[in-house]
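These notes concern the structure reproduced below.
Chain letters run A, B, ... following the sequence lines, proteins first and then strands; every chain starts at 1.
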2 protein chains.
Amino acid sequence: MKEGPDIAAIAALIGDPARANMLTALMSGMALTAGELSCEAGVTPQTASAHLAKLADARLILLETHGRHRYFRLAGAEVAAAIEGLMELAAHSGHLRTRPGPRDMAMRRARSCYDHLAGAMGVRLHDALVEQGSIVATAHGLGLSPAGRSRFRAEGIDVEALERPGRAPCRACLDWSERRHHLAGPLGSALLSLILDGGWAKRGADRRTILFTREGEERFEKLLARSESAAKPRLVGLR
Amino acid sequence: MKEGPDIAAIAALIGDPARANMLTALMSGMALTAGELSCEAGVTPQTASAHLAKLADARLILLETHGRHRYFRLAGAEVAAAIEGLMELAAHSGHLRTRPGPRDMAMRRARSCYDHLAGAMGVRLHDALVEQGSIVATAHGLGLSPAGRSRFRAEGIDVEALERPGRAPCRACLDWSERRHHLAGPLGSALLSLILDGGWAKRGADRRTILFTREGEERFEKLLARSESAAKPRLVGLR
DNA sequence: CCGACGCTTCGTCACGGAGCGAAGCGTCGG
DNA sequence: CCGACGCTTCGCTCCGTGACGAAGCGTCGG
């Protein structure tokens, strides 16, 4: 049993606290500078530099240079997925670092998981879209129903851009704080963009917590309500 | 960003080659003795014992004692999911340990991923069941359609046992070798049991490869064919 | 131009963890 | 009962890795 992916190499990279903190910070989906990441990791810039080089060599993160600033971001959704899987396992097996507090509650309510909405509100979004059939199971993962397409189009989302060959327009991502699925993939990403760009919510100081305005929350509820009451009749016998 | 699950602790456990090999061996879904796991890891029994204690303390594996034999198995599906996520990431980022060979081909074709069928055949099973609507998206993950329920019942599967409160009857699990979904969860588990108990296939020497007999392969194809041609008409416009 | 800043590279040190030999305990089977 | 076997625990060694200080390079802005 020595063939196949070398999970030890990958896990060992994530298994260092400094690197784990960096990767977790990058789960916000935003690119951060080497200096910012050294703060996140709580180490000196020189140490952070060595760590970042390892992550980049392993292709877990990507580098973009802007003058003297070096911006790093996660290499892609599969990195986020692996980290989310570890988070789920850590949460499930009781490996938590601090007691839940007010900030944790905000994280649990709404946060970005890489490029899409997670937390209780992310789960509600997924559930609502599934319940009324805007998204359905396909061989390539979750897909859009015809009714779903027109609904998202009405929200200003470029639906054609979501559906590219060999790429599922959405994906169920298991939420470590809710133990249920929230919506990931291109649709999930587009919806978080809609929420942030539309001013419904803004990022918290930690860059990851998503804080809805009063008005934004109403807009979000209206999105769920339209999702739940429009188009397809409810499949009562299904569940 | 110091709150939340401690992924470094979990990843560090997986990041040791000996422990990674053990966990990978346990992805077969079978329980193995401490001695067997020390062979898998390529270390002495005393070293293996210390590693196993760490994994058990962290609740990644469970111990069952039978006389002088100590059987260990993965603690649950969330462990398998995290490992699978790391496998996907390792494969995606080019962290492979050996060149693909004949054995690897058998692994890619059909293998057990914890308690369900993975590899090309596992992906085909998922796709066929989705295409004809036996399984559909629900808020709790993938669920069974009415037609799916009667079909699986006809195969001798205890469908009522699959659908328990708070537990999705199936789940899409991303396959690291195929980069597509195969079927996990209770239904996936029941189908692998059907395949193995029904004599359609047996486990390879490595305990993880699933080797179909000629006859078993025909039975499998018939399952797919019935899945694809029966009940619900094809949703041609969907994709 | 030049000092400040962001970041990388080099050298060194200290600590922790994985490894194994030795020893011991409990179970099994003849 | 007793030797063989499976497994755990203890003690010790060695190596690898993360940490930081020092130094250097490139970019930025006054």
Side-chain angles (χ1 to χ4, degrees), chain A residues 1-2 6-26 30-73 95 97 207, chain B residues 1-2 6-26 30-73 95 97 207:
Chain A
M1 188 46 74
K2 302 299 187 332
D6 185 6
I7 64 169
I10 295 286
L13 285 170
I14 303 171
D16 172 71
R19 289 198 291 273
N21 283 334
M22 288 177 176
L23 291 168
T24 304
L26 292 173
M30 301 175 65
L32 298 174
T33 62
E36 286 169 328
L37 289 168
S38 74
C39 289
E40 290 290 342
V43 292
T44 61
Q46 49 267 45
T47 302
S49 187
H51 285 308
L52 290 167
K54 286 186 177 180
L55 293 173
D57 286 347
R59 289 179 288 275
L60 297 198
I61 59 176
L62 296 178
L63 166 65
E64 227 175 275
T65 304
H66 292 285
R68 64 189 172 186
H69 287 286
R70 322 269 283 190
Y71 285 89
F72 294 89
R73 55 186 169 89
H95 291 77
R97 277 185 293 184
R207 283 176 287 227
Chain B
M1 189 48 72
K2 302 299 186 328
D6 185 4
I7 64 169
I10 296 287
L13 286 170
I14 303 171
D16 173 72
R19 288 196 292 271
N21 283 333
M22 287 177 178
L23 291 168
T24 304
L26 292 174
M30 301 175 67
L32 299 175
T33 62
E36 287 168 328
L37 287 168
S38 75
C39 288
E40 291 289 342
V43 293
T44 62
Q46 49 266 46
T47 303
S49 186
H51 284 308
L52 291 167
K54 285 186 178 179
L55 293 173
D57 287 348
R59 289 178 290 273
L60 297 196
I61 59 176
L62 297 177
L63 166 64
E64 228 175 274
T65 305
H66 293 285
R68 63 191 173 188
H69 289 285
R70 321 271 280 192
Y71 284 90
F72 294 88
R73 56 187 168 89
H95 290 79
R97 278 184 293 185
R207 285 175 286 224

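Rounded to the nearest 0.5 angstrom, A:Leu52 CG and A:Met22 CE are separated by 4.0 Å. Separating the CZ atom in B:Arg59 from the CD1 atom in B:Ile10 is a distance of 9.0 Å, to the nearest 0.5 Å. Note that the CZ atom of A:Phe72 and the CG atom of A:Leu63 stand 4.5 Å from one another [nearest 0.5 Å]. To the nearest 0.5 Å, atom CD of residue A:Glu64 and atom CZ of residue A:Arg73 are 5.5 Å apart.
Side-chain nitrogen and oxygen atoms of A:Thr47 include none within less than 4.0 Å of the OP1 or OP2 phosphate oxygen of D:dG18. Side-chain nitrogen and oxygen atoms of B:His51 include at least one within less than 4.0 Å of the OP1 or OP2 phosphate oxygen of C:dG19. When the side-chain nitrogen and oxygen atoms of A:Arg70 are compared with OP1 and OP2 of C:dT8, one or more of them lie within a distance under 4.0 Å. Of the side-chain N and O atoms in B:Lys54, one or more sit less than 4.0 angstrom from OP1 or OP2 of C:dA18.
Base pairing analysis places C:dC25 opposite D:dG6; the two distances defining the Watson-Crick or G-U wobble pair are each below 3.5 Å. Using N1 to N3 plus N6-O4 or O6-N4 for Watson-Crick, or N1-O2 and O6-N3 for G-U wobble, each under 3.5 Å, C:dG30 pairs with D:dC1. With a cut-off of 3.5 Å on both pairing distances, the Watson-Crick or G-U wobble partner of D:dG18 is C:dC13. Pairing partner, C:dA18: D:dT13, with both Watson-Crick or wobble hydrogen-bond distances short of 3.5 Å.
One can place OH of A:Tyr71 at 16 Å from P of D:dT27, the figure rounded to the nearest angstrom. The CG-P distance, from B:Leu52 to D:dT8, rounds to 7 Å in whole Å. In this entry the distance linking NE2 of B:His66 with C1' of D:dC7 reads 15 Å, nearest Å. With rounding to whole Å, B:Arg68 atom CZ is found 18 Å from D:dC2 atom P. Atom CG in A:Asn21 sits roughly 14 Å away from atom C1' in D:dG18 (whole-Å rounding). Atom NE2 of A:His69 and atom C1' of D:dG26 are 12 Å apart (whole Å). Straight-line distance from the CG atom of B:Leu55 to the P atom of C:dG17: 14 Å, rounded to whole Å. Following rounding to the nearest Å, A:Leu37 (CG) and C:dG6 (P) show an atom-to-atom distance of 14 Å.
Closest to the B:Arg19 side chain, of the nucleotides D:dC7, C:dA18, D:dA19, is C:dA18. Each of D:dT8, D:dC7, D:dC5 was ranked by its minimum atom distance to the side chain of B:Phe72; first place goes to D:dT8. For B:Ala18, taking side-chain heavy atoms from C-beta onward, the closest of the listed nucleotides C:dG19, D:dC5, C:dC7 is C:dG19.
The residue among A:Val43 and B:Glu36 whose nearest nucleotide of DNA chain D is located toward the 5' end is B:Glu36.
Judged by distance alone with a 3.5 Å cut-off, a donor-acceptor contact links the side chain of A:Gln46 to the base of D:dG21.
Side chains of A:Gln46 and A:Ser49: no donor on one and acceptor on the other come within 3.5 Å.
Looking at heavy-atom distances under 4.0 Å, B:Thr33 makes contact with sugar-phosphate atoms alone, never a base.
Salt-bridge formation is detected for the pair A:Arg207/A:Glu40: a Lys NZ or Arg NE/NH1/NH2 atom is positioned less than 4.0 Å from an Asp or Glu carboxylate oxygen.
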